[in-house]
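Read the structure below first, then the notes.
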Amino acid sequence: MIKTLNGFKSGLRILFVCMLVGVMPAFATGGSGEESGNAVVTAVSSADAEIEAINSRFEALYTSIDGAKPSPEVFRKAVVGFYNLELKNRLDKDRKIITIADFSKSANEKRLWVIDLTNKKTLFNTYVAHGRNTGNVFAKTFSNTVNSNMSSLGFYVTAETYHGKHGLSLRLDGQEKGINDNARRRAIVMHGADYVSEAFIKRVGRLGRSFGCPSIPMALRDDIIKTIADKTCLFIYYPDKDYESGSNLFDYTGLLTSL
């Protein structure tokens with residue numbers, strides 16, 4: 001049974017690659033397919049080699065990061081999106097800084113990482129709040145709607161700083177239509193909050209919650225915001241299959257030269 005399934009998957013993969021390169025295998029056309037068959041084998045071999053090379057570089061990059069880091073799966077997704085945004089010229093290429101918030105984890109865990117990909121070092125690992133209508137200790141639901149008081153998933157590009165009621169704060173521009181592109185209209189920003197602290201967790205039993213903003217500890221507010229402001233990448237993760245299947249920022253195509 002396993003052998004049959006593997007063969008079926010291989011067949012689907014060959015057919016997919018054929019569609020990409022514009023040829024069809026003999027079993028699909030009914031012809032002898034010798035010439036097209038050779039093209040298929042070459043295309044599959046090339047695709048396999050590129051995937052293997054990308055996977056190898058991801059693994060090497062992840063292993064080389066000094067300090068705390070998210071799971072390999074979350075890191076991979078974040079870095080794929082980071083390089084896709086870089087290819088679209090939306091990031092400051094002189095500062096390869098990526099901020100990752102893993103909202104699949106408890107709010108009582110340090111689930112925010114700021115990572116310097118150039119120097120392969122985690123700069124910060126701390127707490128981050130989610131929206132009050134997104135969940136209690138664990139995030140569950142997300143929204144891009146104004147006044148929903150929920151967090152939004154996906155990739156953001158950091159923008160300018162300003163001083164508001166929470167002190168130094170950072171505006172965020174959502175990069176994914178229908179997912180987080182209302183961030184400006186919703187006033188979704190990164191700011192410090194007293195309810196994002198170990199003391200608050202001990203007193204209340206959980207981290208505090210925001211109106212949808214990725215709030216961070218007041219003690220680290222200035223340092224983090226100054227580090228990531230002005231065109232660096234923020235990725236808010238949750239294992240939502242509908243989001244991942246609809247996002248255009250998880251495409252590996254063309255990333256080999258970037259890694």
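At least one side-chain heavy atom of L207 sits less than 4.5 Å from a side-chain heavy atom of V196. Using a 4.5 Å heavy-atom cutoff, the side chains of F211 and N133 are not in contact. Side-chain contact between V128 and P217 is absent, with no heavy atoms from C-beta onward closer than 4.5 Å. Two residues are said to be in side-chain contact when any heavy atoms from C-beta on lie closer than 4.5 Å; F58 and V79 meet this criterion. Contact of the V74 side chain with the I100 side chain is registered, since non-hydrogen atoms from C-beta on lie closer than 4.5 Å. Looking at L85 and L249, their side chains come closer than 4.5 Å, going by heavy atoms from C-beta outward. At least one side-chain heavy atom of I224 sits less than 4.5 Å from a side-chain heavy atom of M190. I98 has its side chain within reach of L117: a pair of non-hydrogen atoms, C-beta onward, lies under 4.5 Å apart.
Residues satisfying the side chain to side chain donor-acceptor pair (under 3.5 Å) test with E244, not counting sequence neighbours, are K77. Remark: T141 engages no residue in a side chain to side chain donor-acceptor pair (under 3.5 Å) (not counting sequence neighbours). Annotation: side chain to side chain donor-acceptor pair (under 3.5 Å) contacts of S215 (sequence neighbours excluded): H191, Y195. Remark: E86 pairs with F82, Y83, L91, K93, K96 by the side-chain contact (heavy atoms from CB on, under 4.5 Å) rule, at least two apart or across chains. Contacts of S197 classified as side-chain contact (heavy atoms from CB on, under 4.5 Å), with partners at least two apart in sequence or in another chain: A199, F200.
Across all non-hydrogen atoms, the minimal contact from S152 to N180 is CB-CB, 3.8 Å. Shortest non-hydrogen contact noted between T122 and G67 is OG1-C, 4.1 Å. For the pair S143 and M150, the tightest heavy-atom approach, listed with the atom from each and the gap, is CB-SD, 3.5 Å.
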Query raised in the report: Can you list the steps and then say if L112 with N125 is a side-chain contact (heavy atoms from CB on, under 4.5 Å)?
Result: CA-CA 5 Å; L112 181 86; N125 174 215; 5.7 Å; no
Query - side-chain contact (heavy atoms from CB on, under 4.5 Å) between L153 and D240, intermediate numbers included - result: CA-CA 9 Å; L153 297 177; D240 186 301; 3.9 Å; yes
Requested in this report: Check the pair I115 / I97 against side-chain contact (heavy atoms from CB on, under 4.5 Å), numbers first and verdict last.
Outcome: CA-CA 6 Å; I115 300 173; I97 303 291; over 6 Å; no
Report task. Could you walk me through whether R186 and S148 pass the side chain to side chain donor-acceptor pair (under 3.5 Å) test, one step at a time? Result -> CA-CA 9 Å; R186 297 181 60 204; S148 66; 3.1 Å; yes
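Residue pairs meeting the salt bridge (charged side-chain N to carboxylate O under 4.0 Å, His left out) criterion with at least one member in residues 159-179, sequence neighbours excluded: E160-R171, E160-R184, D173-R184. Evaluation of the ring-ring contact (aromatic ring centres under 6.0 Å, His included) test over residues 133-154, restricted to residues two or more places apart or in two chains, returns F142-Y238. Contacts classified as salt bridge (charged side-chain N to carboxylate O under 4.0 Å, His left out) and involving residues 223-237 (residues at least two apart or in different chains) are not found. A ring-ring contact (aromatic ring centres under 6.0 Å, His included) check over residues 85-124, counting only residues at least two apart or in different chains, returns the pairs F103-H130. For the salt bridge (charged side-chain N to carboxylate O under 4.0 Å, His left out) condition, no pair includes a residue of residues 192-209, sequence neighbours left out. Sorted by first then second residue, the side chain to side chain donor-acceptor pair (under 3.5 Å) pairs that include residues 53-72, not counting sequence neighbours, are N55-R76.
In the hydrophobic clustering of ILVMFWY residues, with side-chain heavy atoms under 4.5 Å counting as a link, Y127 and V204 come out together. By the criterion of side-chain heavy atoms lying less than 4.5 angstrom apart, applied directly or through intervening Ile, Leu, Val, Met, Phe, Trp or Tyr residues, I216 is grouped together with Y156 in one hydrophobic cluster. The hydrophobic cluster containing M218 does not contain I225, counting ILVMFWY residues as joined when their side-chain heavy atoms lie under 4.5 angstrom apart, directly or transitively. Residues I236 and F155 share a single hydrophobic cluster, defined by chaining ILVMFWY side chains whose heavy atoms lie under 4.5 Å apart.
In this structure, Y162 belongs to a hydrophobic cluster whose other members, linked by side-chain heavy atoms under 4.5 Å apart, are V189.
Under a 3.5 Å cut-off, the side chain of D222 and the backbone N or O of L168 do not form any donor-acceptor pair. In this structure, N182 contributes its side chain and V146 its backbone to no donor-acceptor pair below 3.5 Å.
For the residue pair R111/S104, the side-chain donor-acceptor check at 3.5 Å is not satisfied. D181 and N144 form a side-chain donor-acceptor contact under 3.5 Å, judged by distance and modelled atom types alone.
Screening F250, F235, Y237 against Y243 for a ring pair (Phe, Tyr, Trp, His ring centres under 6.0 Å) leaves a single residue, F250.
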